[in-house]
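Values below: every heavy atom of this structure, side chains too, minus hydrogens, waters and symmetry copies.
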Amino acid sequence: MKYHFLPFYLMLLLAVSCKKETSNVSTANVIFKFKFDPAQERLNNIGQPSVVPAGNAALSPIFNGMSAHYVELAPNAFTALGAGAVLYHADETTVGGGNAIDFEKCTIVKDGATFISLPVKDIPAGEYEWLRLSLAYQNYDIQFNIDTVISGIAIKNEFTGTVASFIGFNSYIKSYTLKTDTILVNGNRKQGYWGLESTGTIAGTPLTLKTSGQAPEGATTVVNPIFASSPVPAGSCVVTASFKPGKLVVTGTETRDIIIEVSLSTNKSFEWKEVLNNGKWDPLKGEKVVDMGIRGMIPIIQ
């Protein structure tokens with residue numbers, strides 16, 4: 001019987017090589033965190049400064065939470081949607097008929113919280129100039145006005161309400177919670193569907209207001225400065241912005257986490273068509289919500 005032995009120095013070389021290769025595998029993460037900023041510049045669909053149109057009014061909501069549906073890194077302005085590094089794509093379903101975001105499986109996070117964290121080793125090495133982020137759901141508080149008579153009681157006051165706002169391309173919703181109340185839907189709702197809950201007391205009488213509505217099709221602002229070279233489908237909510245202070249560079253050998261603060265402009269993002277022309281939202285006077293889209297994004301590499 002013959003025995004074959006590797007020379008000792010060759011075995012040592014292989015061991016060192018294996019150890020070196022293993023040590024080059026990054027254990028760092030790329031972490032994305034939300035920031036909701038009512039003072040950030042208000043932009044239109046093509047990334048230009050925007051003012052509220054004549055005949056409309058708007059306010060800056062106080063955000064409670066938001067969920068994202070899709071995250072992609074794009075190397076340049078000519079990278080087609082889906083051709084970059086897709087980091088996250090939330091569950092979708094056809095239970096409600098057409099394809100839709102499965103709201104039940106959405107993760108809703110608060111200001112400053114992490115909405116996605118991925119190992120660096122799972123991201124293709126390269127340089128990325130643009131972040132694409134598809135938003136699905138928002139929950140926030142707003143002020144609204146009531147000037148009417150209910151059950152013989154004259155009401156003329158401002159109230160705080162909690163709004164659930166669905167801005168994804170299409171959402172399958174079993175149910176959703178506004179502030180305390182749960183609304184049953186069991187169906188699909190297109191981009192721009194919203195619900196409102198408000199509770200208070202008028203002249204010692206408890207008052208609860210619940211209502212819902214649908215913004216016009218195609219009216220939700222989706223900021224994309226590179227729309228000419230890399231358009232997104234109509235009705236989607238794929239917000240696009242360039243990284244600051246420069247490109248995101250991923251080598252695959254990072255030893256420290258890469259933290260990216262995704263600052264979203266909530267500057268007068270809740271917009272309606274005026275009836276009373278008083279700068280206050282009066283839902284009981286027929287003032288229709290026309291836009292609930294985020295008004296810009298700045299992904300800041302920290």
query: Is the CD1 atom of Ile62 crowded by more than 12 outside heavy atoms at less than 6.0 Å?
result: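 No, the 6.0 Å shell around CD1 holds no more than 12 heavy atoms from other groups.
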- prompt: Counting heavy atoms not belonging to Glu158, are there more than 12 under 6.0 Å from its CD?
  reply: yes
Pair Lys285-Asp147, salt bridge (Lys or Arg N to Asp or Glu O under 4.0 Å): steps then yes or no: CA-CA 8 Å; Lys285 297 296 184 180; Asp147 184 1; 5.4 Å; no
message: Is it true that His69 and Glu92 share a donor-acceptor pair across their side chains at a distance under 3.5 Å?
response: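 Present: a donor and an acceptor within the cut-off.
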- prompt: Distance-only, no hydrogens or angles: does the Arg295 side chain make a donor-acceptor pair with backbone N or O of Leu43 under 3.5 Å?
  reply: yes
message: Tell me whether Trp281 contacts the main-chain N or O of Glu287 through its side chain, where contact means a donor paired with an acceptor under 3.5 Å.
response: yes
- prompt: When you check the gap from the basic side-chain N to the acidic O, do Glu261 and Lys33 get nearer than 4.0 Å?
  reply: no
- request: Evaluate salt bridge (Lys or Arg N to Asp or Glu O under 4.0 Å) for Glu271 paired with Arg42, printing each intermediate quantity in order.
  value: CA-CA 12 Å; Glu271 185 177 335; Arg42 186 179 195 267; 2.9 Å; yes
Quick one: pull up [atom1] in [X] and [atom2] in [Y] and give me the separation to the nearest 0.5 Å.
{"X": "Glu274", "Y": "Lys280", "atom1": "CD", "atom2": "NZ", "result": "11.0 Å"}
{"X": "Cys106", "Y": "Tyr176", "atom1": "SG", "atom2": "OH", "result": "14.5 Å"}
{"X": "Met66", "Y": "Leu264", "atom1": "CE", "atom2": "CG", "result": "5.5 Å"}
{"X": "Asn44", "Y": "Asp291", "atom1": "CG", "atom2": "CG", "result": "11.0 Å"}
{"X": "Tyr88", "Y": "Leu133", "atom1": "OH", "atom2": "CG", "result": "10.5 Å"}

query: Of Tyr137, Phe103, Phe166, which meets ring pair (Phe, Tyr, Trp, His ring centres under 6.0 Å) against Tyr193?
result: Phe166
- request: List the steps and the verdict of salt bridge (Lys or Arg N to Asp or Glu O under 4.0 Å) for Glu197 and Lys179.
  value: CA-CA 7 Å; Glu197 176 190 353; Lys179 188 177 181 70; over 6 Å; no
